[in-house]
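Order of the sequence lines fixes the chain letters, A, B, ..., with proteins taken first and strands second; residue numbering starts at 1 for each chain.
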Amino acid sequence: MSASSDSELIISIRDVSKTFPGVRALDKVSIDVRKGSVHGIVGENGAGKSTLMKILSGVYQKDSGTIVFDGEQIEGTTPQQSMKRGLAIIYQELNLVSTMSVGENIFLGRFKEMKGMRGSHAKARELLDSIDCKVDTHKLVSQLSVSLKQMVEIAKALSFKSKLIIMDEPSSSLTAEEMAELTKIIRQLREQGISIIYISHKLDEIFEFCDTVTVMRDGHAIDTRPTLEFTRNDMITKMVGRAIENEYPPRPAKVGGTLMEVRSITTRKLKDVSFTLREGEILGFVGLVGAGRTEIVRAVFGADKARGHSVFIGGKRVPIRNPRDAKRAGFGLIPEDRKLQGLILPFSVETNISMASMDNFSRFGFIRRSLEKGIGERQVKALSVKTPSVRVPVGNLSGGNQQKCIVGRWLEIAPKIFIMDEPTKGIDVGAKYEIYLLMKRIAEDGGAIILISSELPEVLNMSNRVLTIFEGRITGEFDPAVTAVDRIMASALGMKEVPA
Amino acid sequence: MVQMKKILAIGLAMTVVGAFGIGAQAKVKAAFIVSNQANESQAFSAREFVKYGPSYGFNVSTFDAKGDTQVESEIVTNCIAQNFKVIFLNPNDIHAIVPALMKAKQAGLIVGMFSSYLQGADQKWSDFAASSDDLLGGQLAAQQFIKHFPNGATIVEIGGQAGHNAQIQRHDGFNGDKGIKGSNIKVLDFKACQQWATDQAQAIMEDDIVKYGNQIQGVFVHWDNGATGVIQAAKAAGLKNLYIVGVDGNKAGYVQVKSGDQAVSIAQDFTSMVKTSLQLAKDKLAGKTVPAFTVIPQIIYDKNTVNNYPTPEW
Amino acid sequence: MVLTLRSNPLVGILTKQKALPFILVMLVGMLFSKTRFYTPYNLLDMLNSSSILLILAFGVTLTIVAGGCDLSIGGILVVSGILSIKLQPVMGMWPAILCAIVFGLLIGFVNGFLVVHQKTEPFIITLGMGLLLTGVAQQLTDAHPLPSQISDFMMISNGTFYGLPNLVIITLVLFLLSAWLMRYTQFGRNLYAIGGDYEVARYSGINVIRTKWLAFVLSGGTAAFAGFLLSSKLNTGSAIYGDLTALVVNCGVVVGGTSFAGGIGGIPQSALGLLAFGMLDNVMNMLDITSYIQILLKGAVIVAIIWLDSFAQKRKREAI
Amino acid sequence: MSGIAKEGTLRSVADFMRSYLLVVLIAALVIGTAIFEPRFLSGMNLINLMRQFGPLIMVALGMTFVIMGGFIDLSVAGIINLVAVVTISLIQIVGQVPALILGLAIGAACGALNSAVILSSGALTQAEALFMTFGMSTVYSALALLYSHGSTMHFWDINKSKSLFQAIGAGKVGPVSISFLIFLALLALLWLFQTKTTEGRAIRLTGGNKIAAELVGIRIRRSIVVIYTLCGLMAGVGAIVLFSRITTAAPVIGAGFETNAILAVVVGGTTLKGGNGSVLRTVMGVLLIILMSNCLNLLGVSPYLQVVAKGAILVFAIWLDNRKQ
């Protein structure tokens, strides 16, 4: 632990513990953050990062230990009190009311202090200008892109004259370009003397701008050191408690002939999109959030209406008007938003797994329970889903295990073409690797995968081939094994001149 | 532009309806306001008003308060706005309608109460009333019991819609001085229904039978359709020779009395009530003095008399 | 064309105020009819007739914007109306009215406790509460209408002030007051935040429980206030006034454009929604449309407005 | 018995016991009333209970599926009005069996129309469905009024001893009323439908998460049509059982059935959020409501206080149920 006197610390966390029924979420965690530094916290899901942050912000109360913020001991605080004290937090799930305007969101709950609507908007304008954000303060938050929402969040944090801003995985839905913007602002804030706690899964970011890093695991703060003293592998080993040889398995080796051809999909957001998919291939889609990646697969899958839409499988045109047609044609989909689009959280693991294969275990419209029972057990075992029983609500499982349930649901009907939209979002390193292995297995068993991910390394390392998508069009096709990353990025950003 | 055209088209369509609505009106504009046209006696009265109106020089429009006291008073003020000369009304609640009637009187309308009448000091807010006397209806029913059971009997009473004026009056008349008070007729149990609903009367009767069984010698039920339910309950329980008295004299009551399932129905004569109302309004318009309350006599349908009357139209 | 339509402020207003096009159609249509619709008496009478429902809607809007709803207002309306008359001989007119309103606030408090504190489904629990209160009203009056014996009482709702009916004035004042409350106060904006996103509002340091709870209390209070006004208007308290009131008012609020999902809408929308219903009744009576057809048309209008609104949203979602 | 199956039975027992609060309430009512009024347990009262049970349970069973599918239906009152007056008037014209079939068809058609209105507008929220069906209810009621001119209709003219409707209304097989047998048969069918068929599962999945269900190829639009048509059909059955019992049909006969049915379903433990629920739970809910008025009637409680008690117990039951979850 670096030796620094108390007056240099913006926050000093000492021996903080927190127990939930049955789980010791935090066990005597101690972390010091110096004034004006960017302090990274890394750790797998369930390591206790989010719990710690919620204690700092006052959403949870700690069981024991002390927290000294800016020289003042904090006890029994509420979110509002901590914000007023100068401790702001930007949550992973963005903390804005989508039905209200930008200006009002920044001063949510402080309408009176701002002397009404006009005052709120004027002050909001000032704050947004200070971080070079041009968005109209009267615009509804629901109309903003994710990155703009993030800017609004930062403006909101600044509005409290925050001394410490905690960012909980801010980059999970940002594109590289937006990430660069965020990096710039983080540096700018640091120069203004504002301290930042930066929580992330993405080690690149940590190494790029964090001054100090704490690794957390199983409710313990394992190690805190200046970033420069860490190596990448070191950090990963500490996070998972074991050495992981590689972050990614090798790409599937055997790519066969054309399996599917998509010809000229056009929707409100897409312009004449055509591409092919080969047997045993992982095809990556690279592009900014909102570029149309998800829209393409939704249109192919029949979830969105499209004009001039034709899908050819094995050379034959297959009409796909809805997801049911797609399923029959041999598609499987892991949707972008696990909780909203993928799972029925209060329903059992078993029901969630058997959802897609009802036709397999029913006859004449009647369900045969004996057959269904096997399905849940089989997939849970095959994918080693960690669950006490197939009957517990799927909502009780961790993110990675939930995702495995969705994969298992489709494996049951053995789709030929697997669409995976952000399959590893919010999943910890260990579980990610398992998902990657699964993908490889599916491809090697003769299937094909369309992979969408905001994590560039993931797409590049997993895919046999990537398509870049910009503003609803396909702008390029690359072999990631031999192409430089910046060329692919340039194409995904819509640049005409692709650097050689 | 397209939207504007649509709006204009709809506007024009409504104009046609509007022009059609007012029609040619040589006759005096009169309105009949009923408390609830989903109630068959009132629906029938409304038809009779429209039918007989012209022969008394009136063009009668009917308005329906849909069972809502609040709507009732709104319709009265609406009638003032529409320049009606005469309003006949059968309100849900004779107290609650008074403030609206005050406005009607101030505006110079002729107000006639139909099948109801204002009480006490309120009477000055109407010009005339034509009604069966529900208090009397209750008394008549009581007298039937006293006549049929000279040595006394134990009976149950099943009321109409709780809070409805007719229900209150019939109950008070039945149990009051000229009713069974002081006689040997003993009411084992009285319950009013939530609505004038046959199934509710039947459910109450079924429970009463469980409770009192053969002790029940007779039933006073406030309306003939309710009696239908009572008859079903009695039949299902195998209770015979029940002396059932109902009020209304509508088709159900008429048939039930004829078949012997129901002993007596105290019949109201709505056709003559309508004619009397129209005549009174005509007289009042002509400047004559009219009586404040004209009682329309009730007819007693029983086994002997029922064949003297034609099948009621409602 | 599409662009000009979108940027047109008039179209903006029309999409926000869902009942407005419907009201305009009626107003224009009636220009061509030879009825006495456009007489000052009728226009005032229309407002006067709608006033009770409008006042109820102001309170309900608070709960709906906050992501709840209140179907107990029918029950509160009748019980407080009865209390404001029944207590008169005991304590005099004004204290009786005060008691009635306090009663409404109390029921609102209980509703708030159940919905906000105990997190019960508002739709079903307030429905049950309304049923309970209807029984209380019947018990209080023995199901007999209860006329007031104090002549001044009637004049509160039936009097006029410089030719304007008192009820219309009271409604206008309450309209301005509640619109101000929703738009220009911390409490009002907090309600929008809570309805828009409960968790976010909570993390933003808004006392969500207290604020939403207060919305229910105010809704109860407003319903009680409307109840006393109704009793004064009819000079009678009775258990049978409020049967469908709760559904009609909540429906009117939604028809106006205040979303059941919470966070969207407001007092002006609700006012127009209820006014559309009142105007429809008035117009149909003016045009001498028979009772059953009136019922049919009213149902059809409710379906049509909500259908059109949903359909517009669907078109937006599915636009290619 | 295999381990899994054993666990399964235990679980369903546990699942059933989750509504134990309701069971306690019902038991308390039964025991309390039986002590103060022994005639409560008399054969005649039990028959009465079976008959009074009839109409509401039919409507509530249909409503269960709508709520399980994540929607709501306020139009059942209007459907009952319409089916009752039309069917009863058709008896003389087309005969009993055709009238019965036509009546049920009208109920199902009204339900299907509801779903058509909802689907064509693209409404996917419960609130939109709530107010649309409220409007549809008004329309159906108005049609019933127009058809009947507001008058009550009877079927006393037909030969009573052979009447099909008399049998439905008052007939008995041994000690059991025919309407109760109809209920048992329909309950068994609907329970099978709910638990054993793919459509029943699809309804639950739709109620649980429409988007997720659609993305795995569940036909959610078909499920919506099915739940509303079924609900309309069951409202039609309820209407026929109701008017057969009282032998008359007024065009306002269905008033209050929508709220009572929803209350029964929710009190039974089917959550308004959709996805969870069971027809068996609804039976408990209806039992509570019917027992309550029967017991209070027998105990001689005034009808006004009955409404208070009913409301209070319902609020209490809903609150308790909510606390469990």
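Proximity to chain D (any heavy atom under 4.5 Å) is shown, for B:A197, by neither the backbone nor the side chain. Contact annotation for B:D207: both backbone and side-chain heavy atoms come within less than 4.5 Å of a heavy atom of chain D. Only the backbone of B:Q37 comes within less than 4.5 Å of a heavy atom of chain D; no side-chain atom from C-beta onward does. At a 4.5 Å heavy-atom cutoff, the contact between D:L242 and chain B is made by side-chain atoms alone. Heavy atoms of D:L46 lying under 4.5 Å from chain B are absent altogether. Contacts between D:F243 and chain B at a heavy-atom distance below 4.5 Å are absent for every atom of the residue.
Rounding to the nearest 0.5 Å gives a distance of 9.5 Å between CG of B:D199 and CD of D:Q52. For the atom pair B:I209 CD1 and D:R39 CZ, the distance stands at 12.5 Å (nearest 0.5 Å). Residue D:T247 holds its OG1 atom at 4.0 Å from CD of B:Q232, rounded to the nearest 0.5 Å.
When the heavy atoms of residues 39-47 of chain B are compared with those of chain D, the residues falling under 4.5 Å are B:N39, B:E40, B:A43, B:R47, listed by number. Among residues 285-296 of chain D, the residues having any heavy atom closer than 4.5 Å to a heavy atom of chain B are, in sequence order, D:S293, D:N294.
The candidate with the highest count of non-hydrogen atom pairs below 4.5 Å against chain B, out of D:T152, D:N45, D:I47, D:I253, is D:T152. Of the listed residues B:K191, B:E206, B:Q200, the one with more heavy-atom pairs under 4.5 angstrom with chain D than any other is B:E206. The choice from D:R245, D:Q306, D:K172 that makes the most heavy-atom pairs within less than 4.5 Å of chain B is D:R245.
Taking 4.5 Å as the limit, some side-chain heavy atom of D:E37 sits within range of a side-chain heavy atom of B:K211.
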Working for side-chain contact (heavy atoms from CB on, under 4.5 Å), residues D:L298 and B:V210: CA-CA 8 Å; D:L298 286 181; B:V210 169; 3.9 Å; yes
Worked verdict on D:H154 versus B:T228 for side-chain contact (heavy atoms from CB on, under 4.5 Å): CA-CA 9 Å; D:H154 304 254; B:T228 311; 4.1 Å; yes
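Enclosure of atom CG in B:N307 by more than 12 non-hydrogen atoms of other residues, nucleotides or ligands within 6.0 angstrom is indicated. Heavy-atom contacts from other residues, nucleotides or ligands closer than 6.0 Å to CZ of D:F36 number 12 or fewer.
Residue D:P251 comes nearest to B:A38 through the heavy atom pair CG-O, 4.4 Å, listed as atom of the first residue, atom of the second, then distance.
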